[in-house]
Every structure is written in C-alpha cells, then in structure tokens.
Amino acid sequence: MSKLLDGLNPQQLAAVTLPHHSALILAGAGSGKTRVLTTRIAWLLQTGQISPSGILAVTFTNKAAKEMVTRLTTMLPATPHAVWIGTFHGLSNRLLRTHHHEAGLPRLFQILDSADQLSAIKRMLKGLQANTEKFDPKKVQQFINQNKDQGLRGEQVEAWDTYNRQLVEYYLAYDAQCMREGVVDFAELLLRSHELLSRNQILREHYQQRFRHVLIDEFQDTNRLQYRWLKQFASADSALMAVGDDDQSIYGFRGAHSGNMNDFQRDYAHDNIIRLEQNYRSQGNILDAANALINQNPGRLGKTLWTAAGQGDALQLYAADSDQEEARFICTQVSTLHKQGHPLSDMALLYRSNAQSRVLEHALFSAGMAYRVYGGLRFFERQEIKHALAYLRLLVNPDDDNAFTRIVNFPTRGIGTRTLEQLDAQARQQQTSLWRAAVAASTDNKGLGRFVALMNALQDPITTLPLPEAIAQVLDGSGLSIHYQNEKDGQDRLDNLNELINAASVFVRDNDSDTDTASGANQTGVMADFLAHTALEAGTHQSGNSNDALQLMTIHAAKGLEFRTVFLTGLEQGLFPSELSMHEAKGVEEERRLMYVALTRAREHLYLSYAHTRMLHGQTRYGIPSQFLNEIPAELVQTIQPAFFGSTNSRRTDERAFTDAWDTNPSAAYSHANRRPQANSRTASLGAASTSASRSPTSSNSPWRLGMSARHPKFGLGVIVNLEGQGEDARVQINFGAGHGIKWLALAYARLEAVSHA
DNA sequence: CATGTCTCCATTTTT
DNA sequence: TGGAGACATG
C-alpha cells in the first residue's frame, strides 16, 4: 500500500487519501490528474473503505475511461470489474439498457450518432413539409441538442416568437419520431437517464446507496445536464470528487459550463479545494509564459503552475512573411531537430483551425517529411461501415427508418424515388414504419419484394450465428461485398468491411464475461450491444501506420497530450484569437484558455510563429501578430531572424506530386510522404522572397500599400488590409487588432502615420 | 442513375 | 482556395 502512495507530492497525497468528503481538485495541466484519480480509487479499494461496486467514475472520452481502467489494473492485484468507470454516455447507455422498461424504451433501442440524428431531422422536416431554407436542419439539430443539454424537453422550452415556437414543434415531432423508431440520440441518453432517476425514487435510492464515491474527470467540461445527472447518483453522504481545471475550459461552444465548478464548490466541496500546481511536464520558461498569459483572464479560480525542473530554453518566436514561408521554416526546424535524434512523433504542429493544416502539409510533403494529421472520419463513421451497420440495425430493429432509408436501395436494386415516396406516404398514413409498409407493399412491388425477402433471409443468421459470422453473412447477402469488389477504388472499403468483422470479434472477446451490460443473453442482444458500441465509440481518428511521424492537429485535439517540441502556428490576430470569437461575450477569454492549453502541451521546446500574409478563403489576408504574443513576457521569448528559407518556385515537381497524391487519396499522400527519401537540395536565397503583390488606391501616387503598418492617433497600430478609391475618395481598411478591430478610414481625413516595417 | 457543373460558404468537437 | 451540396445533363 505504501507503494501506491510513493512519489506523490503533498497535494496529490492529500487528494488521494482525502477522508469521506466531497472535494474539488483544481488540477493544472501536467499536474498528474489522472494519476490522482486512479490512485484515489485504488486507495479506497485497498484500504477496504469501499467495495468496487460502491465507486462511480465518470469521464468524457472513451480514451480517458480506458486509461483509468488500464492504470487501475496496474495498481491492483485484479481488475475490479464492479467499479463503474465510463463516459457519461456509456454509463447512461448501461443504465438505460438495464432499466429500459422503466425508462420507456424498447429493449433493443439503438443510438443515433450526430450524422444519424441529422438525417433523422431531415426526414422529420420533410415529412412536415418544413421550409428548410428558413429552418436549416443543422440549426434545428442545434436547437434540439442545446435544449436537451440544458435538461429541457420540448414542452419546457419557452418560445416567445413564431420562429422559436416552430422550432419547439420540430423538437417535439423529432422526439416523437425517435420514440416511434426506437432510437435515442446522444443528448437523449443523458436526459433520459436523468429523468429516469429523478422520477423513480426506488431506482434513485438504490443507486445513491450504492455509489458512496463519485469521481468526475474534466469537470470544467460538463454541461448543466451532466452536472444534474451526476447529482442523481450522489446521496447526502456520498463523497464526490470533481477534478478539473477552469483554465482549460475550451468547450464552451458546445455547452460546457465551467461555472459548474463554482456551483460544485457551493453545493458539495465548500472549503475542500485542493490545488495541484506542481507541473511535471514543462520546463520553467514555458510555464512562466503560460501563467502570465492566463493571468489576463478575470474570474479564475486561481492557480499558478510551477516546476522543479529548470527554466529550459526560451520560447522561440518566428515572424514569417507568408503562411508558406512559415511552413517552410517549420519544416527546416523539424528536419534539424530530427537529424539531431529527436523523434518526429514527439513533435507536434498545432493550429487553431483545420484549414491551416493544408499549407503545412504541403511544405512537409515537399520536404519528404513523415507526418500524420488528426481529424477526419473515424472508423465507424465511414460510408461503407455505416451502410453495413444500417443492415444490422434494421435486422435488430425493423422500425429504424433511418437505417431503412439508407440501405433500401443500396446497393442499387431498382427501387426508385417514386416507389420510396409512395412507401413513405403509406407509412405515414398508417402510422407505421417504412419497413412494415414495405412488407405490406412487397407483393405488389417487385423491388420491395426482393428487399423484404432478402432481409427476412438474413434474419436467421442474426439470431443464430456468433456475431462475426452473422456480420459476414450480412455483408455477403446484402450485396455490399460484391458492390465494393466491383467498384474501381473499392479495395479500401472492402478492407474496412473486413475490419468490421474483426471489430466484432474483438467486441465479443472483450464482452463475453460481461453479462451486466448485455441487452439479453441471445445473439440479437449481443448484436444490439455491438451496435450501441459502434455509436458510442466511433474509433480513433485515422492513425494508420504507427511509424515515426510528425503530429499535426488542432489545439483542441491536442488537449490532454504532450510533446517534447511544439510548434504553435498561425498566431495572428483574427485567426487566433479567431475573428468570430472576438464578437462573442467572453470569446477572447476562451481563446486565451485555448492558447494556455497550447502552450502547456510542450515539454522542452516551444516555437511560436505567425505570418504577415496568409491565404485565407482564397484571398491573401494581411495580419498582425496575435494579442496573445503581447501577453507573454518578452524576456521569455527569443526572436528568430528570418533567413535562408528556400525560394518559392523551385518546388513545382513536388507540389505537383503532392496535389496528385492528395487528389487520389489523402492518406496515400501521407504514406507517399512517408516513403519519400529526404531529398530537396535547398537552394539558399538571400533574403526571404516577398510574395505580397503591392496594390494601391487606383492610379494614385499614394504612399499607402497593402500590408503596410500605420498608426492612428486613436486606434493605435494597425495593418492595411484593403485599399480602394482615389484622390478625395481614397479609403483604406486597417486591422487594428483586438481593441478596435478592422475599420475603413478615409485617407483625406484620417490622421494616419506610416510605420516602417523593420 | 451516374456524373458533371455551379454556387455557396467558411472555428473549435466528443459522445 | 477547396469542399459540400444542389441542380442539370447524358
């Protein structure tokens, strides 16, 4: 047992061995948060304070949940199976499966992922002949989810105008449709479990007596419903441990309410707040920069990271002429570090928005550097997988109209839009599902008849064969396998379908002892559980080959990760902080937290860069450095002088190769990059090539040029981003940064002072 | 029904 | 710029 506590610092130790109290753990970046959480659980179990079934541990992501299980396994003699560890959604699913009857759900209810939900909403809107110009399906989806995340049912939503009243109507119609079809969306999983426990006293008391310890990870990311959900599981004498960091709250845009931390303090923790401020990740200068930056935010719970390690290197700042030049600089640095023995996989390029990856990829490809981009489709979201799953879903639950619509004519079997429109009308009229309507129409309609016969034939394997075999039968019987065999670029998809069978085998192996979660002992129950699993755990973003490759991702995606070296790119006002955030209340504060997250990803080396010109939305934009750069103390930063980065036009062949490879298959472009020899003799040209074409107000001899810096007596320093008109009418558009934004000024009146661009 | 053409649009994202 | 979705054509 002493071993368990070895090496914990005093604050960590205090948190791990806390008496039976509720507490708020303010866990800074890199402060050993997961370690505390898992050691706490192990401690409670080993000291016999609680039996495994008395513990509930909740996370946001499957990754975090798995990580906890893995670590617990190493700390304890045996994996305690009875501990409930999982995501909000996974645990809700488990609860609702167990009590589906009380929750008013069919035994084999299925889960809609976001894309499924959107198509369900589109169908609903179509059925009600909604004006989709006015009621954009995505907006309707947002409306529904936002309300569910607040814990509000359609009936409870207050709507003051006709537009919102209509949205509420759609919300109600959508929920009714989901119930008819026996499906629930992500938000519904939580809302319905919450309602189940809040209305059912017997169940609530059962769980409250059971869970004497409730632990929550990443508490700053919880929304209001999630907090209420948690409260349902805790009785007056349960101990809640909420672990989080208000400074790393970067998901406000999707409903996260970091104010939950303050509420938690009031509701449970009172004075039990433990700060984990010792950082085991980054060197001093990096932490000093992060601390100074985040100090600009008002209303923090407050925390200052420190390290026992040294100060380390200064932060490196690079001001590039253009986005391309920025990318080339990074390539050169990466290459240099790599040659010095720094693994590529321990370096990351971070950016604010996905679109920025393209220039970077371009340069990396040209340089023959191995890299990997996070983002994009995940395994269970791929088209062919979605098709296959739709067959399985429909076989398990014939009322799933989403699934029906997806596959009734895929692969094509001569069922046209007319037939489907008629079928839809039939189903609507008779208040039944498309499948039942199709069965009724199958004697008269040849196409539908064949489809119905096919599905009936597949019913048998589903109920009798083990999961992987059943899926194999469906892939063959449905014609999906043959379809992709005949498709010219179908091999990848075919491979994925085989991978699906594989995933099913793994699922069966991992779950065979797990009778607790099963929807039923029979094969159909196993299938239903597998389908729920595919929705709840869509798989990793394409990681592919695990070669040593440079990591590219958004800052959001980097949260929770760390790298020896981090390149933080595109630090321009309007890009980061993003233009849009600057119009939102507290928008810049969230961006600043994002910046804080970005800085604290780095262990040893942190490169910051921005570009004076950048191609954005097909236009060259002129930017000024991000305000965040000014918020980092200058003495921590070393400026790298631009020099000697290759000429722009010597790389046509490589760019061509990149584009070709990209066009055929982006992932092939990466592997191509992986295989490429480190070529590219870099012809050094003195002075970086300036790509910015100068433009001035038409046919005037005005001294003002695009990209020029100017000082205004009131607005301060800015950059000219646009010019128009001439003579008396000449106007310039200037970006003055966060304080004053972008303004049009008449040259005849504005007292502008040119600032030389040293 | 598959494919080409046009138009519009443009943070961040897990479950 | 470049991708997605709507629409038209063979």
Side-chain angles (χ1 to χ4, degrees), chain A residues 58-65 86-93 111-118 122 132-133 136-138 142 145 148-149 184-191 193 217-218 221-223 225-226 229 249-256 323-324 350-359 362 374-378 380-381 409-418 487 532-541 553-560 570 574-584 587 590-591 593-595 597-598 614-621 659 662-663 666:
Chain A
V58 192
T59 65
F60 270 86
T61 64
N62 293 300
K63 196 177 158 201
T87 63
F88 280 104
H89 295 86
L91 294 167
S92 294
N93 178 50
I111 299 166
L112 302 181
D113 67 17
S114 305
D116 294 332
Q117 185 189 35
L118 187 61
K122 283 180 181 163
T132 45
E133 302 265 286
D136 173 26
K138 285 209 182 83
Q142 230 182 354
N145 288 339
K148 287 193 180 184
D149 285 346
V184 297
D185 58 54
F186 286 136
E188 182 73 22
L189 282 170
L190 282 150
L191 181 53
S193 340
D217 192 16
E218 303 278 16
D221 287 339
T222 49
N223 62 36
L225 175 60
Q226 283 160 337
W229 184 99
S249 164
I250 57 172
Y251 286 113
F253 69 93
R254 66 175 196 213
D323 49 353
Q324 299 184 29
L350 306 184
Y351 35 80
R352 173 69 241 263
S353 70
N354 287 302
Q356 290 165 248
S357 76
R358 222 192 150 88
V359 210
H362 218 294
Y374 283 76
L377 278 191
R378 293 136 101 218
F380 289 118
E381 293 168 350
N409 196 36
F410 192 94
T412 48
R413 41 176 78 85
I415 300 170
T417 30
R418 307 171 306 287
E487 206 180 68
H533 166 81
T534 64
L536 290 172
E537 206 165 334
T540 51
H541 284 293
M553 65 192 83
T554 63
I555 302 167
H556 281 92
K559 187 170 166 223
L575 198 66
F576 189 24
S578 89
E579 189 74 53
L580 287 127
S581 75
M582 306 196 327
H583 305 305
E584 290 162 20
E590 178 147 321
E591 297 283 303
R593 291 192 291 267
L594 194 56
M595 180 73 176
V597 168
R614 178 176 298 274
M615 194 61 124
L616 203 67
H617 307 327
Q619 279 177 323
T620 306
R621 302 278 210 102
T659 316
W662 180 283
D663 285 349

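Within every chain, numbering begins at 1; the chains are lettered A, B, ... in the order of the sequence lines, protein sequences first and strands thereafter.
- Looking only at distances, a side-chain donor or acceptor of A/E591 sits under 3.5 Å from a matching main-chain atom of A/S578.
- Taking 90° from 0 as the syn/anti boundary, the base of B/dT12 is oriented anti.
- Dashed line: the shortest gap from a side-chain N or O of A/R358 to OP1 or OP2 of C/dG2 is under 4.0 Å.
- Between A/D113 and A/R378 there is no salt bridge, since no side-chain nitrogen of the basic residue lies less than 4.0 Å from a carboxylate oxygen of the acidic one.
- Separating the CE atom of A/M553 from the P atom of B/dT13 is a distance of 11 Å, rounded to the nearest angstrom.
- Across the protein-nucleic acid pair, A/K138 atom NZ and B/dT13 atom C1' stand 14 Å apart, rounded to whole Å.
- Look at A/N409 and you'll find a side-chain N or O under 4.0 angstrom from OP1 or OP2 of B/dC1.
- C/dA6 atom C1' lies 11 Å from atom CD of A/E133, rounded to whole Å.
- For A/H89 (side chain) and A/L536 (main-chain N/O), no donor-acceptor pair under 3.5 Å exists by modelled atom type.
- The phosphate of B/dT13 has neither OP1 nor OP2 within less than 4.0 Å of any side-chain N or O from A/S114.
- One finds no salt bridge joining A/E579 and A/R621 here, because no Lys/Arg side-chain nitrogen approaches an Asp/Glu carboxylate oxygen to under 4.0 Å.
- If you check every strand for non-hydrogen atoms under 4.0 Å, A/N93 touches nothing.
- For A/R593 (side chain) and A/S249 (main-chain N/O), a donor-acceptor pair under 3.5 Å exists by modelled atom type.
- Distance A/R378 CZ to B/dT13 P: 11 Å, rounded to the nearest Å.
- In the set B/dT15, B/dA2, B/dT14, B/dT14 carries the atom at the smallest distance from any side-chain atom of A/R254.
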When you compare the protein's N or O atoms with those of nucleotides 4-11 of chain B, which come within less than 3.5 Å of each other, and at what distance?
residue	atom	partner	partner atom	Å
B/dA10	N3	A/H617	ND1	3.4
B/dT11	O4	A/E584	OE2	2.8

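- Taking atom CG on A/D136 and atom P on C/dG5, their separation rounds to 11 Å, with Å as the unit.
- Taking A/N62 as the reference, nothing meets the side-chain hydrogen bond (donor to acceptor under 3.5 Å, both in side chains) condition, with sequence neighbours excluded.
- Taking atom P on both nucleotides, C/dG5 is separated from B/dT12 by 15 Å, rounded to a whole Å.
- As judged by a 4.0 angstrom heavy-atom cut-off over every strand, A/D113 is placed among residues making no nucleic acid contact.
- Among the protein residues, A/F88 comes within range of no part of the nucleic acid, since none of its heavy atoms lies under 4.0 Å from any strand.
- The residue among A/H556 and A/F186 whose nearest nucleotide of DNA chain B is located toward the 5' end is A/H556.
- Comparing C/dA6 with B/dT11, their C1' atoms sit 25 Å apart, to the nearest whole Å.
- A/H583 places its NE2 atom 16 Å from the P atom of B/dT12, with the value rounded to the nearest Å.
- Between the side chain of A/E590 and the backbone N or O of A/G252, at least one donor-acceptor pair lies under 3.5 Å.
- Put simply, CD on A/Q356 is 16 Å from P on C/dG3, counting in whole angstrom units.
- Comparing A/R418 and A/I250 by the nucleotide of DNA chain B that holds the closest heavy atom to each, the one mapping nearer the 5' end is A/R418.
- Annotation: the span from A/K138 atom NZ to A/Q117 atom CD amounts to 12.5 Å, rounded to 0.5 Å.
- At whole-Å resolution of the value, CD in A/E487 and C1' in B/dT3 are 14 Å apart.
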